[in-house]
Amino acid sequence: MPLLRLFAVGGIVIWPLLFFSLGVTALIIERGLFWSRVVRQQEPLVSKVLQAFPTNLPLAIATLKQNLHLPVARIFLSALSLTEATPEEFSLALETAAQAELPLLRRFSTVFDTVVGVAPLLGLLGTILGLIDAFAALRIGDLGETATSEVSLGIGQALVSTAIGLAVAILTLLFANVFQGLYRRQRSFLEESGGRLEILQRRLYRQVGQSSSREMTLRDRSRPPQHPA
C-alpha cells in the first residue's frame, strides 16, 4: 500500500503514531551511537589509567581529561582529583560520581516506556474509530456501492491503525530492552573498574603511610641523645 494511501486509510491516529515513530527513531540512533562509543572506548581507557595510576598520577589524570565524554572517565576523575584522600573518602567520591552518571546512562528510557504503552492504545483507538465509521455507514437493506466502500474504508482504518500501533510499540520495546541490557552491563563494569581502582589506591595509601612511619623512625634514631642537665 502506498504511504499516502496508508495515511489516508489509517485515519487521524496515524499522525501521532508517525510522530512517535520519528521521535523514537531519532532517540534510537542517538542511544546507539552513545553505547557504541562507550563500549568501544572505555575498556582500553580503564586499562591505561589503572596502569599509569600507581606510578604516574598526572598521566592518568591527563588521560581521563581527554576522554570526558565517557562516564567512567568522569567517575575516575572525580576521585583522582582529590588530594590526600583517605580510602573512605576515595570510595565515597567514586560512589557519588557513579550515582550521578546513572541517570545519563538511562537517558530516554522513560520516553521508550511511554511509547511502548501509548502506541498500542492509539492503535486500539483507531480501531474503535474505524469500526464506528463502518457501522455508521452501514444501512440495513442498503447494499449499494457507496455504502460498501464506506464500510470497507472504516474496517481498513481499524486494521491499519492497529497494525501500525503494534509495529511502533514492538520496535520501541526491542531497542529499549537492548539499551536496558547495555545499562546493566555498564553498571557491572563501573563497579568492577571502581573496585580495581580502590584496591590500587588503598595499596598506595598504605605504602605512603609506611614510608612516613619509617622516615619518622629514622629521624628519631638520628637525633643525638639528650642528657639531663
Side-chain angles (χ1 to χ4, degrees), residues 27 30-113 175-229:
L27 298 184
E30 190 277 337
R31 289 287 85 187
L33 295 175
F34 169 80
W35 284 113
S36 175
R37 182 172 62 249
V38 168
V39 172
R40 186 177 66 255
Q41 298 178 5
Q42 67 180 0
E43 291 188 8
L45 172 65
V46 169
S47 299
K48 185 176 181 180
V49 171
L50 293 179
Q51 185 177 2
F53 170 59
T55 58
N56 195 342
L57 179 59
L59 176 61
I61 293 178
T63 303
L64 292 173
K65 289 182 177 180
Q66 294 174 357
N67 295 272
L68 289 178
H69 59 282
L70 297 177
V72 67
R74 297 191 292 267
I75 293 172
F76 277 18
L77 187 61
S78 66
L80 294 181
S81 298
L82 297 177
T83 57
E84 299 181 357
T86 64
E88 290 75 16
E89 293 171 343
F90 192 86
S91 177
L92 182 60
L94 282 177
E95 183 178 354
T96 303
Q99 290 297 324
E101 292 293 334
L102 293 183
L104 299 178
L105 296 176
R106 297 194 62 185
R107 192 178 182 187
F108 303 131
S109 60
T110 303
V111 178
F112 291 142
D113 293 339
F175 282 97
N177 288 338
V178 171
F179 296 144
Q180 182 67 18
L182 291 171
Y183 166 76
R184 294 194 185 100
R185 289 179 56 187
Q186 182 68 12
R187 287 197 63 174
S188 299
F189 177 81
L190 293 178
E191 292 175 0
E192 186 264 342
S193 301
R196 292 166 62 187
L197 185 63
E198 282 190 55
I199 292 173
L200 293 177
Q201 195 270 346
R202 289 176 184 271
R203 289 178 179 176
L204 291 176
Y205 187 81
R206 286 197 301 267
Q207 291 176 2
V208 171
Q210 293 173 359
S211 299
S212 300
S213 300
R214 190 179 302 110
E215 291 177 359
M216 292 179 60
T217 302
L218 292 176
R219 284 199 301 267
D220 292 340
R221 290 179 179 178
S222 62
R223 292 177 182 174
Q226 297 181 357
H227 300 286

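On a predicted model such as this, the values are computed, not experimentally measured, just so you know.
Within 6.0 Å of CZ in Arg37 there are more than 12 heavy atoms belonging to other residues, nucleotides or ligands.
How far CD of Gln42 is from CG of Leu190: 6.5 Å, rounded to the nearest 0.5 Å. Taken from CD in Glu84 to CD in Glu89, the straight-line distance is 10.0 Å, to the nearest 0.5 Å. Ile75 contributes atom CD1, which lies 10.5 Å from atom OG1 of Thr96 (distance to the nearest 0.5 angstrom). Distance check, rounded to the nearest 0.5 Å: CG of Leu82 to CG of Leu77 gives 9.5 Å. In this structure, Phe90 CZ and Arg202 CZ are separated by 10.0 Å, a value rounded to the nearest 0.5 Å. Separation of atoms CG (Asp113) and OG (Ser109) is listed at 6.0 Å; rounding is to 0.5 Å.
Looking at Pro71 and Leu105, their side chains come closer than 4.5 Å, going by heavy atoms from C-beta outward. Contact of the Gln180 side chain with the Phe112 side chain is not registered, since no non-hydrogen atoms from C-beta on lie closer than 4.5 Å.
The two residues Leu200 and Leu50 come nearest to each other via the heavy atoms CD1-O, 3.5 Å.
Under the 6.0 Å distance and 45° angle rule, Arg31 counts as a cation-pi partner of Phe34.
Proximity of a side-chain donor or acceptor of Ser91 to a complementary backbone N or O of Pro87 within less than 3.5 Å is not detected.
Partners of Glu192 under the salt bridge (Lys or Arg N to Asp or Glu O under 4.0 Å) rule, at least two apart in sequence or in another chain, are Arg196.
None of Leu70, Val46, Leu45 except one satisfies the side chain to side chain contact (heavy atoms under 4.5 Å, CB included) rule with Phe76; the exception is Val46.
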Donor-acceptor contacts, no H, no angles, side chain residues 55-64, under 3.5 Å, sequence neighbours left out:
unit_1 : atom_1 : unit_2 : atom_2 : d
Asn56  : OD1    : Leu59  : N      : 3.2
Thr63  : OG1    : Leu59  : O      : 2.8

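Within the structure, side chain to side chain donor-acceptor pair (under 3.5 Å) contacts touching residues 67-82 (residues at least two apart or in different chains) are Gln41-His69, Arg74-Glu101.
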